[in-house]
Amino acid sequence: MARLAQTAGLTDVQQEILSTVRDFVDKEIIPVATELEHRDEYPQQIVDGLKELGLFGLMIPEEYGGLGESLLTYALCVEEIARGWMSVSGIINTHFIVAYMLKQHGTQEQKEHFLPRMAAGDVRGAFSMSEPGLGSDVSAITSKAVKDGDEYVLNGQKMWLTNGGTSSLVAVLVRSDEGHSPEEAVAKPHKSMTTFLVEKEPGFGEVRPGLTIPGKIDKMGYKGVDTTELIMDDLRVPADRVLGGVTGRGFYQMMDGVEVGRVNVAARGCGVAQRAFELGVQYAQQRHTFGKPIAQHQAIQFKLAEMATKVEAAHAMMVNAARKKDSGERNDLEAGMAKYLASEYCKEVVEDAFRIHGGYGFSKEYEIERLYREAPMLLIGEGTAEIQKMIIGRRLLEEYRFQG
C-alpha cells in the first residue's frame with residue numbers, strides 16, 4: 001500500500017522536489033525536532049539546510065532567482081516539513097506570504113530590490129496585521145501612518161509576528177486616512193489601510209530608529225520559531241516603501257496573502273496529522289495488551305481507520321485549494337474550507353494518537369506529546385474556525401443565491 005496523502009498529476013520536477021524535501025525531513029528534522037522544541041531553540045542548522053536547498057525561493061519567479069514553482073508545490077513541501085516539525089514550516093510561511101504579496105502587488109522597483117535576496121534566503125520576510133486588542137476584526141486596526149514630505153511616520157503596536165526577530169523585512173498593515181474624510185474612513189475602514197515594507201536588522205530590542213521588537217512571546221507550543229510584538233514609535237518609512245506605490249490598498253493585498261497563508265496552515269495540519277498517524281499506527285503494533293498487539297484490538301483498528309480517513313480528506317481539500325489559487329481563480333471558499341477541515345482533523349488525529357499511546361503520550365520522551373501541544377495553534381492561526389465558517393457561509397450564499 002502507498003503511504004497516505006499521495007497527490008495525483010504531479011510533474012517529474014514536483015516529485016523530485018518533494019522527494020528531496022522528504023529525505024531532508026527524515027534525516028535532518030525529525031531526529032532533532034523534539035530536543036530543539038523542548039529547549040525552545042531556533043533551528044538555525046535546519047534553516048541553513050532549507051536555504052541550501054533553495055526552498056526560500058520556491059515560489060519566487062525565475063527572473064528574480066527563484067524556482068518559479070506553484071502554490072501546490074509549496075503547499076506539498078510545507079506538508080512534508082510540518083510532518084517533521086511544524087515550527088519550521090512557520091518560518092518559511094510568513095516569508096512566502098510577503099514574497100507572494102510583492103510578486104502580485106509590488107512595484108517593479110520593489111520586486112527587483114527584494115525578491116532576488118528573498119529567493120536566496122538573505123532577506124527573510126514577516127507580515128503583521130494583528131494588534132493586542134484586535135483579534136479577527138482587521139477593520140479595527142489603530143496603528144497609523146501619517147504623510148510627512150517624502151516619508152510616512154508610523155505609530156502603533158502590532159502583535160503575533162512569526163519571525164518577528166529573525167526577519168529583515170516586515171509587511172506591516174496600518175491605517176492611512178490620506179485622501180479620505182473622517183466620515184469615509186469610518187464608513188469604509190478597509191479602504192483606508194496601507195501595507196508598508198519595513199526593512200530592519202534581525203534581532204530584538206530597537207532594530208532601527210523608531211522600531212522595537214521585544215523578546216519572544218513564551219508559548220505552549222510552536223516553539224523554536226520566534227513569535228513577537230512590534231512597536232512603532234515615530235517610525236519613518238520612505239514613501240517608495242508603500243507596497244504597490246499607492247495607499248489604501250493594503251487590506252486587499254493582505255487578504256490576498258492570507259489566502260496563501262490559509263493554504264499553508266491547511267498543509268501544516270495535514271503534515272502534523274500524518275506524523276500523528278505514523279506514530280499512532282507504529283506504537284499500536286509495538287504495544288501489547290491481553291497477549292497481543294493493541295493494533296489487533298478492534299477498537300484500535302477503528303480508531304486508526306478514522307485517523308487515516310481524516311488525513312486523506314484533509315489532504316485532498318488542501319490540494320484542491322492550492323490548485324484553485326494556482327489557476328488564478330478566487331479561492332477564499334476553498335482555502336477557508338481546507339484550513340477549517342485540516343486544522344480540526346489535525347486536532348482530532350493527534351488526540352487519537354495520544355490516546356493510543358496511553359500514559360506514555362503524556363511523557364516528554366514521546367514525540368506525540370509535542371504534537372499534542374502544537375496542534376491547537378492551527379485552530380487559530382490565519383483565522384479561527386469561526387472566521388473560516390463565516391467566510392464559507394457568505395461565499396455559499398453568493399453562489400446559491402435564491403432567485404425568488
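No hydrogens, no waters, no symmetry mates; every other heavy atom, side chains included, goes into these values. Numbers for residues simply follow the sequence, beginning at 1.
- Counting non-hydrogen atoms of neighbouring residues, nucleotides and ligands closer than 6.0 angstrom, the NZ atom of K147 exceeds 12 such neighbours.
- Within a 6.0 Å sphere centred on NZ of K144, heavy atoms belonging to other residues, nucleotides or ligands number 12 at most.
- In plain terms, the two heavy atoms of A171 and V98 that are nearest each other are CB-CG2, 4.2 Å.
- Taking 4.5 Å as the limit, every side-chain heavy atom of T166 sits out of range of all side-chain heavy atoms of P202.
- Residues T34 and Y366 have side chains not in contact (no heavy-atom distance under 4.5 Å, counting atoms from C-beta outward).
- Between N93 and V78, every side-chain heavy-atom pair lies at or beyond the 4.5 Å cut-off.
- A salt bridge is defined here as a Lys NZ or Arg NE, NH1 or NH2 lying under 4.0 Å from an Asp or Glu carboxylate O, and R83 with D26 meets this definition.
- Rounding to the nearest 0.5 Å places CG of L397 at 12.0 Å from CD1 of I392.
- Enclosure of atom CD in E398 by more than 12 non-hydrogen atoms of other residues, nucleotides or ligands within 6.0 angstrom is indicated.
- Side-chain atoms of K111 do not come within 3.5 Å of backbone N or O of L102 as any donor-acceptor pair.
- The closest side-chain heavy-atom distance from L50 to I81 is below 4.5 Å.
- Taking a cutoff of 4.0 Å between a charged side-chain nitrogen and a carboxylate oxygen, E344 and K347 qualify as a salt bridge.
- Ion pairing between R355 and E351 holds under the 4.0 Å rule for side-chain N and carboxylate O.
- Put simply, the side chain of R208 gets close to the backbone of R236: a donor and an acceptor are under 3.5 Å apart.
- Atom CD of E201 has 12 or fewer heavy atoms from other residues, nucleotides or ligands within 6.0 Å.
- Salt-bridge formation is not detected for the pair E306/K310: no Lys NZ or Arg NE/NH1/NH2 atom is positioned less than 4.0 Å from an Asp or Glu carboxylate oxygen.
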I'd like a table of donor-acceptor pairs (distance under 3.5 Å, sequence neighbours excluded) in which one partner is a side-chain atom from residues 240-251, with atom names and distances.
from, atom 1, to, atom 2, distance (Å)
R241, NE, E199, OE2, 3.4
R241, NH1, E109, OE1, 3.2

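- Using a 4.0 Å cut-off between charged nitrogen and carboxylate oxygen, K51 and D122 count as a salt-bridge pair.
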Derivation and outcome, side chain to side chain contact (heavy atoms under 4.5 Å, CB included), residues T73 and V13: CA-CA 10 Å; T73 307; V13 172; over 6 Å; no
Test side chain to side chain contact (heavy atoms under 4.5 Å, CB included) applied to F204 and T228, step by step: CA-CA 9 Å; F204 300 96; T228 74; 3.8 Å; yes
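- Side-chain contact between Q44 and L36: absent, with no pair of heavy atoms (C-beta onward) separated by less than 4.5 Å.
- Considering all non-hydrogen atoms of both residues, G383 and K339 come closest at O-NZ, 2.7 Å.
- Using a 4.0 Å cut-off between charged nitrogen and carboxylate oxygen, E369 and R373 count as a salt-bridge pair.
- The existence of a salt bridge linking E374 and R275 is excluded, since no basic side-chain nitrogen approaches an acidic carboxylate oxygen closer than 4.0 Å.
- Between the side chain of H105 and the backbone N or O of K103 there is no donor-acceptor pair closer than 3.5 Å.
- Between F96 and Y74, the angle of the ring planes lies from 30° to 60°, which puts this pair in the tilted group.
- Taking the six-membered ring where tryptophan is involved, the planes of F56 and H95 are perpendicular, since the angle between them exceeds 60° and thus also 30°.
- G125 and S167 make their closest contact through C-CB, 4.0 Å (heavy atoms, listed as atom of the first residue, atom of the second, distance).
- A heavy-atom distance below 4.5 Å is not found between the side chains of V32 and Q45.
- Inter-residue side-chain proximity for S70 and R323 is flagged as unmet; no heavy-atom pair is nearer than 4.5 Å.
- Ion pairing of R22 with E80 is present here, as a side-chain N (NZ or NE/NH1/NH2) and a carboxylate O approach within less than 4.0 Å.
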Side chain to side chain contact (heavy atoms under 4.5 Å, CB included) evaluation trace for N264 with E382: CA-CA 9 Å; N264 172 285; E382 253 75 338; 6.0 Å; no
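- Checked by atom type, the side-chain pair E112/Q108 shows a donor-acceptor distance below 3.5 Å.
- Looking at K325 and E259, a side-chain N of the basic residue comes within less than 4.0 Å of a carboxylate O on the acidic one, giving a salt bridge.
- Under the 4.0 Å criterion applied to side-chain N and carboxylate O atoms, K324 and E334 are assigned as salt-bridge partners.
- Looking at every heavy atom in both residues, L378 comes nearest to G269 through CD1-CA, 3.5 Å.
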Residues H315, L4; criterion side chain to side chain contact (heavy atoms under 4.5 Å, CB included); working and verdict: CA-CA 9 Å; H315 175 83; L4 292 176; over 6 Å; no
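- With contacts defined as side-chain heavy-atom distances shorter than 4.5 Å, the pair R287/I300 does not qualify.
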